[in-house]
Engineer: 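One structure, pasted below without further comment.
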Amino acid sequence: MKRYIQHEYLKVSHFTTREWEHPVHNHNHFELIFIHKGSGTHCVSGMNIPYDGPCLFLLAPCDAHHFEITAPTTFTFIKFTNVYLHGTGNIRLQQSWNQELDQLLLQARQKRMITAVHRMEPLIQLVAAEWKAAGQENSDTVFFLLQALFSMIKQVADQELLEASPKSGARVTHILNYIHEHIHQADDIQVEQLAELFGFSKHYLGAFFKEQTGSTLRDYVNQYKLQLLENRLHYSVFSLKEISHELGFNDQSHLNKFFRRYHAMSPSAYREQVQG
């Protein structure tokens with residue numbers, strides 16, 4: 001399996017092909033793959049997913065994939081080769097970008113293909129056109145167009161999940177979405193706050209959440225925060241102090257203690273291992 005490593009922050013490509021020429025490969029970036037038309041099978045991380053355009057695939061870092069094309073297919077690939085934006089000089093923009101990509105990573109794990117994409121196609125085409133016109137990956141226009149695209153993807157993916165869930169499943173989906181969106185604000189996801197917000201008693205919320213997800217509320221929050229922390233250490237250039245502040249830890253010592261609960265090493269050692 002060949003591993004492609006590129007160094008651009010962002011790469012956009014648009015093309016039509018009758019035959020997929022690339023071997024199975026994985027990478028260290030996100031990919032949004034928009035299929036405008038065509039049909040075939042997308043083989044991604046052990047799953048064979050039939051496609052018939054238009055549709056959108058979300059790939060997370062380290063996914064392995066290739067296409068088996070049945071009918072000529074028109075693709076737009078949007079690749080983020082440096083997952084967490086750094087260097088804009090605006091910390092709030094960096095944090096907003098991080099949180100958008102956190103959501104994208106979660107959705108890539110939950111749902112590989114999105115089919116309700118007709119409203120996205122003009123925006124995809126605009127991203128490709130602006131990237132080509134700018135001739136550089138750090139265009140402010142492309143940056144904000146991508147944020148709009150992420151928002152649209154989240155809206156559609158959430159709606160598809162809700163429609164596929166029974167009534168009780170829809171309630172827990174709302175709770176999960178709230179946790180994901182507020183994971184960086186520790187006070188907002190305390191059990192007392194969640195119970196009041198969603199109309200449960202404190203004790204019934206815990207029982208309901210465990211019944212619906214198979215996990216306690218605290219374990220779910222900790223595991224999700226651990227995923228975000230691992231992603232930051234793997235893909236970002238933020239310092240431990242910056243990561244600690246952004247993910248809502250009291251201080252760097254608190255971050256270290258939390259991380260060692262799940263890994264037999266410090267966050268610094270883990271970063272050296274995965275980035276080395």
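Since the model is a prediction, treat every value here as computed from it, not as a measurement. Side chains are part of it too, since the values below use all heavy atoms of this structure and drop only hydrogens, waters and symmetry mates.
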Engineer: I'd like to know if R232 pairs up with E242 as an ion pair, taking the criterion as any Lys NZ or Arg NE/NH1/NH2 lying under 4.0 Å from an Asp or Glu carboxylate oxygen.
Structural biologist: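 No.
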
Engineer: Establish, yes or no, whether a centroid distance under 6.0 Å links the rings of H65 and H42.
Structural biologist: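 That pair passes the under 6.0 Å test.
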
Engineer: Counting only heavy atoms from other residues, nucleotides and ligands, does the tally under 6.0 Å from CD of E21 exceed 12?
Structural biologist: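 Check fails, neighbour count at 12 or below.
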
Engineer: Indicate yes or no: does E181 engage K154 in a salt bridge with an N to O separation below 4.0 Å.
Structural biologist: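 Yes, E181 and K154 are salt-bridged.
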
Engineer: State whether the number of non-hydrogen atoms from other residues, nucleotides or ligands found under 6.0 Å of E192 atom CD is greater than 12.
Structural biologist: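 Yes, enclosed.
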
Engineer: For the residue pair R171 and F208, would you count it as a cation-pi contact if the rule is NZ or CZ under 6.0 angstrom from the ring centre and within 45 degrees of the ring axis?
Structural biologist: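 So R171 does make the cation-pi contact.
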
Engineer: Before we go on, tell me: are the rings of F77 and F34 under 6.0 Å apart, centre to centre?
Structural biologist: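 Centroid distance F77-F34: not below 6.0 Å, so no.
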
Engineer: Evaluate side-chain hydrogen bond (donor to acceptor under 3.5 Å, both in side chains) for Y51 paired with T73, printing each intermediate quantity in order.
Structural biologist: CA-CA 10 Å; Y51 71 86; T73 300; 2.9 Å; yes

Engineer: Are the ring centres of F200 and F209 closer than 6.0 Å?
Structural biologist: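 No, the ring centres sit 6.0 Å or more apart.
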
Engineer: Around atom CZ of R18, are there more than 12 heavy atoms from other residues, nucleotides or ligands closer than 6.0 Å?
Structural biologist: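 12 or below, so no.
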
Engineer: Holding to side-chain hydrogen bond (donor to acceptor under 3.5 Å, both in side chains), I want the full list of residues that pass it with T76, two or more places apart in sequence or in another chain.
Structural biologist: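 By the side-chain hydrogen bond (donor to acceptor under 3.5 Å, both in side chains) rule, T76 matches H14, H36.
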
Engineer: So is K225 actually on top of F249's ring, under 6.0 Å and inside 45° of the axis?
Structural biologist: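 Yes, K225 and F249 form such a contact.
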
Engineer: Between H263 and E230, is the side-chain hydrogen bond (donor to acceptor under 3.5 Å, both in side chains) condition met? List the steps.
Structural biologist: CA-CA 10 Å; H263 290 281; E230 289 170 348; 2.7 Å; yes

